[in-house]
Amino acid sequence: MTLVPEHPWIRVRDLPNHVGETVTLRGWVRNHRSSGKIHFIEVRDGSGIVQVVCGKWDCDEETFAQAGTLTQESSVEIVGEVREDKRSSLGVEMGLSSLKIYHLAESYPITKKEHGVAFLMDHRHLWLRSRRQQAVMRVRHTIVKAIRDFFDDRGYYLMDSPILTPAACEGTTTLFPVEYFGSEAYLSQSGQLYQEATAMAFSKTYCFGPTFRAEKSKTRRHLTEFWMVEPEMAFFDIEDDMNEAEAFICHIVERVLETNRSDLEELERDLTALEATTPPFPRVHYDEAIEILQKLGSEIEWGSDFGGNDETILTQQYDRPIIVHHFPTAIKAFYMKQQPDRPELTCSMDVLAPEGYGEIIGGGERETNLDTLQEAIKHHGLDMSVFEWYLDLRRYGSVPHAGFGLGLERTVSWICGLKHVRETIPFPRMLEKMVP
RNA sequence: UCCGGCUUAGCUCAGUCGGUAGAGCGGGUGGCUGUUAACCACCAAGUCGUUGGUUCGAGUCCAACAGCCGGAGCCA
């Protein structure tokens, strides 16, 4: 048995390279129009959409009649000739000489008119077939590949961090508890501590996987399960870290711009905003950021973290991502390196995306001094015993090192110009949202 | 957890001053030789979120609850 067709099976995206040839098209009927003696069938296969035109004179009577019965989302195999057509955005359309209907779809819930978000989220498994969602998913795909390529090409090794962990990495956010052979484990909220270990073994490593936060956040930038890539570099200080993050973001945006033009057009993304993503990103010291925000009317005081609105008004001052650095020690995780001459500050940094998108990267240089680190763990009220292995990294060949974490969904959201991160992952997990 | 909003046909919504329910899309039937969310005609489709209250009478006014949406806090 085989499903290899007689005529070559061509994906929609590649049809313009086969003008004049008879090919096999496989996919789902996005829409069907008819004027009695001529059918227009829009077929989608995930790579694009093509219009199949079937006149009564083009095929036998039975085939023509069958084409007339096609409903939205019916699955089909069509053999026909690829023809150049300037009216099509793809540049080509297809004729129809034979038609195989795999399945005649029932009345499809997602119609051609508008739908509410709640309804669409409940039908996420079907919503993924729509044009806009496919554009977003293809951009996500490109970004994931660009992320891997960036690190792989720079001598990083992929070192997956565990997802089941014994305790909070940072002790800040709420974790999902898991029953683990009679004791309690948690779903990982960050792979970072493990990357510090692997970086001491391989110099430069990264992990890229799902991350879990049990925070009851109901905003456009939160998911309970999201993907994060976390590189960690030995012999890097905070300056090196910022430079790497900057090159990384530029690489991702550049790759999307060269790979996903038509998807960005579908999403009506303003390209000039993305094209501005070139080095150098403005570096804004925390002290300076507070001054700017206060001048702009924010109530923020030195020592606080930015509110959502602060991030928005600050980033609106710039045309590209900015890097805010040296946040106060009090609002950062225990492993952040304290600035030697100003211990109230850490060698930390956040990359904030423009256009109000805000934080997409958080990172910094790590504390290398054993005593300082032990104090910080105590100060944060964390259980020292589960960090013994981590402290070993400062006992055996401790070196300056730094890293960062990039939130994939927030990055996709920014690059696609979306209003909410829930559309950037195939099946979002949110407060009150587990199905589908 | 707190604040605000919404809930009427499968979907998106309208429903005036409180007087027993409407449109478009989708579905069905028929028509149409180039359509682009095609178009035209006809047909079917409703426990107005739930419970209680006010009233001769509630989709409409009041209360509670539920679900969803948005924002805050927290973070990527």
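Below, chains carry the letters A, B, ... as their sequence lines are ordered, and counting in each starts from 1. Both backbone and side-chain heavy atoms feed into the values below; hydrogens, waters and symmetry mates do not.
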Among the nucleotides B:G10, B:A76, B:G70, which one has an atom lying closest to any side-chain atom of A:R213? B:A76
Separation of atom CD in A:Q72 from atom C1' in B:G10, rounded to whole Å: 13 Å
Say you pick atom C1' in B:U1 and the same atom in B:C62; how far apart are they, in whole Å? 28 Å
Distance check needed: B:G28 C1' versus A:L104 CG, whole Å only. 14 Å
Residue pair A:G308/A:M430 against RNA chain B: nearer the 5' end by closest nucleotide is A:M430
Measure the distance from CZ on A:F327 to C1' on B:C75 and round it to the nearest whole Å. 12 Å
With rounding to whole Å, what would you report as the distance between B:U20 and B:U8 at their C1' atoms? 14 Å
Would you say the ring centers of A:Y156 and A:F208 fall short of 6.0 Å from each other? no
Output yes when at least one side-chain N/O atom of A:R220 is less than 4.0 Å from OP1 or OP2 of B:A72, else no. no
Assign A:G116 to base, sugar-phosphate, or nothing according to its heavy-atom contacts below 4.0 angstrom with the strands shown. sugar-phosphate
What is the distance from CZ of A:R410 to P of B:C74, rounded to the nearest Å? 13 Å
Whole-angstrom distance between B:C13 and B:G46, as gauged at atom C1': 15 Å
Would you mind classifying the nucleic acid contact of A:D305 as base, sugar-phosphate or nothing, using non-hydrogen atoms under 4.0 angstrom? sugar-phosphate
With a non-hydrogen cut-off below 4.0 angstrom, is A:F40 in contact with a base, only sugar-phosphate, or nothing? base
Does anything in residues 63-73 of chain A form a side chain to side chain donor-acceptor pair (under 3.5 Å)? List the pairs, not counting sequence neighbours. A:R44-A:E73, A:D60-A:T63, A:T71-A:S74, A:E73-A:R129
Residue pair A:E232 / A:Y206, side-chain donor-acceptor N/O under 3.5 Å: no
Does a side chain donor of either A:Y186 or A:E184 reach within less than 3.5 Å of an acceptor in the other side chain? yes
Can you tell me the distance, in whole Å, between the CG atom of A:D310 and the P atom of B:A72? 11 Å
Mind checking A:H222 for me? I need base, sugar-phosphate or nothing, with any heavy atom below 4.0 Å counting as a touch. base
Shortest non-hydrogen pair, A:L99 vs A:L96, comes out as CB-CD2, 4.2 Å
Polar side chain donor-acceptor pair, A:R320 to A:T278, under 3.5 angstrom: yes
Cut-off 3.5 Å, side chains only: do A:R138 and A:Q133 have a donor facing an acceptor? no
Looking at the rings of A:H401 and A:F236, which for Trp means the six-membered one, are their centres under 6.0 Å apart? no
Report the residue (A:Q51 or A:H115) whose heavy-atom-nearest nucleotide on RNA chain B is the more 5′ of the two. A:H115
On a whole-Å scale, what distance lies between the P atoms belonging to B:G28 and B:C2? 48 Å
Measuring only the C1' atom in each nucleotide, how far is B:U54 from B:A63? A whole number of Å is fine. 11 Å
RNA chain B in dot-bracket form (Watson-Crick or G-U pairs under 3.5 Å, [ ] crossing, | inter-strand) is (((((((..((((.....[..)))).(((((.......))))).....(((((..]....))))))))))))....
Distance in angstrom units between A:F248 CZ and B:A76 P, rounded: 15 Å
Whole-angstrom distance between B:C42 and B:G5, as gauged at atom C1': 40 Å
Quick one about A:D287 and A:W302 (side-chain donor to acceptor, distance below 3.5 Å, no hydrogens or angles considered), yes or no? yes
Using a 4.0 Å heavy-atom cut-off across all strands, classify A:I361 as base, sugar-phosphate, or nothing. sugar-phosphate
Would A:Y108 pass as stacked on B:G26, i.e. its ring centre under 5.5 Å from the base's six-membered ring centre and planes under 30° apart? no
B:C69, B:A76, B:G26: which one has an atom nearest the side-chain heavy atoms of A:M228? B:A76
Considering only heavy atoms, which members of residues 73-94 of chain A lie under 4.0 Å from some atom of RNA chain B? A:D85, A:R87, A:E93
I'd like to check A:F248 versus A:I361 (side-chain heavy atoms, cut-off strictly below 4.5 Å). Are they in contact? yes
Ignoring hydrogens and geometry beyond distance, is a side-chain donor-acceptor pair present between A:S35 and A:H39 at under 3.5 Å? no
B:C69 C1' sits how many Å from A:L120 CG, rounded? 13 Å
Which whole number of Å gives the distance between the C1' atom of B:A21 and that of B:A9? 10 Å
Give me each pair satisfying side chain to side chain donor-acceptor pair (under 3.5 Å) with a member in residues 88-105 of chain A, each pair once, sequence neighbours excluded. A:E77-A:Y102
Would you list the protein and nucleotides 42-48 of chain B atom pairs, both N or O, that sit under 3.5 Å from each other?
none

Checking all strands, does A:H420 fall into the base, sugar-phosphate, or nothing category for heavy-atom contacts under 4.0 angstrom? sugar-phosphate
Is it true that the side chains of A:S161 and A:Q195 contain a donor and an acceptor less than 3.5 Å apart? yes
For A:R131, which contact category applies under a 4.0 Å heavy-atom criterion: base, sugar-phosphate, or nothing? nothing
Please report the distance, rounded to the nearest Å, between CD1 in A:I323 and C1' in B:A76. 16 Å
Tell me yes or no: between the side chains of A:H18 and A:E21, is some donor less than 3.5 Å from an acceptor? yes
Taking only the side-chain heavy atoms of A:F226 (C-beta and beyond), determine which of B:C11, B:A76, B:G27 contains the nearest atom. B:A76
Does any non-hydrogen side-chain atom of A:M336 lie less than 4.5 Å from one of A:S348? yes
In terms of relative ring orientation, are A:F387 and A:Y390 parallel, tilted or perpendicular, with 30° and 60° separating the classes? perpendicular
Using a 4.0 Å heavy-atom cut-off, does A:E409 contact any base of the nucleic acid, only the sugar-phosphate backbone, or nothing at all? nothing
What distance, rounded to whole Å, do you find between the two C1' atoms, one in B:A44 and one in B:C3? 45 Å
Side chain to side chain, A:Y286 and A:F306, heavy atoms closer than 4.5 Å: yes
Polar atoms only, N or O, under 3.5 Å: list the protein pairs with nucleotides 31-33 of chain B and their distances.
from	atom 1	to	atom 2	distance (Å)
B:C32	N3	A:S34	O	3.4
B:C32	N3	A:G36	N	3.4
B:C32	N4	A:G36	N	3.4
B:U33	OP2	A:K37	NZ	3.3

